[in-house]
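Here is the structure we will look at.
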Amino acid sequence: MIELVFATNNQHKLEEIITAVGTKFKILSLDDIGCREDIAETAETLEGNASIKSHYIFDNYGKNCFGDDTGLEVEALDGRPGVYSARYGGPGHDHEKNMDRVLAELNGTDNRKARFRTVISLIIDGKEYQFEGCVSGEIMTERHGDKGFGYDPIFRPNGYHTSFAEMDLEEKNKISHRGKAMAKLLEFLQKGDF
Ligand code: IMP
């Protein structure tokens with residue numbers, strides 16, 4: 001079994017990934033390796049932030065690991081909130097405030113196109129590899145559903161009538177930004193070409 005640290009303490013993400021990887025890999029959280037520090041996300045790109053997280057774990061704990069960063073990119077807002085998605089509504093990572101700000105900024109706008117983009121940075125034996133996953137859709141005019149997290153209640157993926165927050169985790173994983181980036185990561189790991 002391949003052991004990999006996922007540089008996150010976000011329970012939703014851990015669950016999503018553990019569901020997706022099955023039994024071939026053992027995913028450890030930051031908690032599992034006794035890492036209690038808050039890893040500062042100071043880069044201005046998703047690629048940069050994902051890289052900061054994986055390097056932090058590899059450099060300090062010497063373990064193979066991956067980190068991810070995700071942003072919601074809204075076309076009419078020139079790609080915002082993007083790398084600032086977690087704190088768009090102010091400090092404190094408040095999902096409700098983040099959604100309120102996006103909804104307010106899109107008020108009266110016809111173009112509601114948006115996409116989630118995830119970048120994963122994997123470090124195996126000191127070498128870094130990156131994987132990207134995207135899902136396109138639109139920002140709904142109000143919240144729908146109570147599953148998932150973050151902007152899920154206001155994001156409807158293309159080809160669906162429901163928001164991400166109305167979908168079961170397995171269904172969301174199949175089409176989501178993180179699910180796609182994870183699939184690329186898993187394919188890479190299974191090939192063992194590193
Ligand atoms: P993170 O850097 O991957 O934690 O993502 C930054 C922010 O993007 C989170 O705080 C959420 O607001 C949002 N986000 C990330 N992934 C998702 C998702 O799957 N659904 C909804 N929002 C998400």
Side-chain angles (χ1 to χ4, degrees), residues 5-20 27 29-31 38-57 65-74 77 79-103 105-106 112 114-122 130-140 142-158 160 162-183 185:
V5 178
F6 183 14
T8 188
N9 276 321
N10 180 324
Q11 281 307 318
H12 289 281
K13 285 197 204 171
L14 281 165
E15 264 175 53
E16 280 185 5
I17 274 157
I18 288 164
T19 313
I27 304 293
S29 68
L30 291 179
D31 228 21
D38 208 10
I39 307 170
E41 298 179 26
T42 50
E44 283 178 12
T45 60
L46 300 175
E47 285 77 4
N49 277 339
S51 196
I52 286 176
K53 293 181 206 175
S54 59
H55 276 99
Y56 186 90
I57 298 306
C65 60
F66 61 96
D68 75 326
D69 201 27
T70 294
L72 174 68
E73 300 174 338
V74 180
L77 302 179
R80 292 192 316 274
V83 74
Y84 305 109
S85 293
R87 49 210 141 115
Y88 201 51
H93 295 206
D94 185 325
H95 295 318
E96 297 304 324
K97 286 188 183 155
N98 290 341
M99 284 190 283
D100 283 343
R101 179 163 176 197
V102 169
L103 289 174
E105 289 184 340
L106 285 182
R112 306 188 70 89
R115 67 173 188 174
F116 277 113
R117 192 165 74 90
T118 293
V119 176
I120 292 177
S121 159
L122 168 74
Q130 290 203 343
F131 308 91
E132 185 191 62
C134 295
V135 58
S136 296
E138 67 165 32
I139 302 298
M140 301 169 100
E142 53 190 38
R143 293 163 169 78
H144 295 268
D146 55 11
K147 296 177 192 162
F149 71 104
Y151 297 89
D152 279 348
I154 60 168
F155 182 82
R156 184 186 63 72
N158 287 343
Y160 290 77
T162 54
S163 77
F164 262 170
E166 293 173 296
M167 292 183 179
D168 290 332
L169 201 51
E170 243 174 288
E171 200 182 352
K172 179 186 166 188
N173 267 340
K174 277 187 211 148
I175 59 162
S176 80
H177 43 302
R178 208 167 17 260
K180 287 179 187 165
M182 273 303 296
L185 169 72

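All ligand and atom numbering here is 1-based and tracks the order in the structure.
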Counting non-hydrogen protein atoms only, what is the nearest one to [atom]? Give residue, atom name and distance.
atom: atom 2 (O) of ligand 1; value: Asp69 OD1, 2.5 Å
atom: atom 5 (O) of ligand 1; value: Thr70 O, 3.4 Å
atom: atom 16 (N) of ligand 1; value: Arg178 NH1, 3.1 Å
atom: atom 20 (N) of ligand 1; value: Asp152 OD1, 2.6 Å

Within-cut-off N or O pair, Asn10 and ligand 1, under 3.5 Å: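 There is no such contact.
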Contact check: Asn98 vs ligand 1, nitrogen or oxygen atoms, below 3.5 angstrom: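 N/O-N/O distance below 3.5 Å does not exist for this pair.
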Distance, nearest 0.5 Å, that separates CG of Asp31 from OG1 of Thr8: 10.5 Å
Pairwise distance NZ(Lys174) to CE(Met167) - rounded to 0.5 angstrom: 10.5 Å
Whether [X] lies under 4.0 Å from ligand 1, heavy atom:
X: Tyr151; value: yes
X: Leu72; value: no
X: His93; value: no

Ignoring hydrogens and geometry, is there a side-chain-to-backbone donor-acceptor pair from [X] to [Y] under 3.5 Å?
X: Asn98; Y: Ser85; result: yes
X: Arg112; Y: Met140; result: yes
X: Glu166; Y: Ser163; result: yes

Phe155 and Phe164 aromatic ring geometry - parallel, tilted or perpendicular at 30°/60° bounds: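 Phe164 vs Phe155 ring planes: tilted.
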Out of all atoms in ligand 1, which are within 4.0 Å of some heavy atom of [X]? Include the element for each.
X: Ser85; answer: 7 (C), 8 (O)
X: Phe116; answer: 20 (N), 21 (C), 22 (N), 23 (C)
X: Lys13; answer: 1 (P), 3 (O), 4 (O)
X: Gly150; answer: 12 (O), 21 (C), 22 (N)
X: His177; answer: 16 (N), 17 (C), 18 (C), 19 (O)
X: Lys172; answer: 18 (C), 19 (O), 20 (N)

Donor-acceptor side-chain pairing of Glu171 and Tyr160 below 3.5 angstrom: no
NZ/NE/NH1/NH2 to OD/OE distance under 4.0 Å, Asp168 and Lys147: yes
Heavy-atom check, side chain of His55 versus side chain of Ile39, under 4.5 Å: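 In short, these two side chains do not touch, never coming nearer than 4.5 Å.
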Residue among Arg117, Arg178, Lys180, Arg115 satisfying salt bridge (Lys or Arg N to Asp or Glu O under 4.0 Å) with Glu132: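 Considering Arg117, Arg178, Lys180, Arg115, a salt bridge (Lys or Arg N to Asp or Glu O under 4.0 Å) with Glu132 is found only for Arg117.
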Mode of Phe149 contact toward ligand 1 - side chain, backbone, both, neither (heavy atoms, under 4.0 Å): both
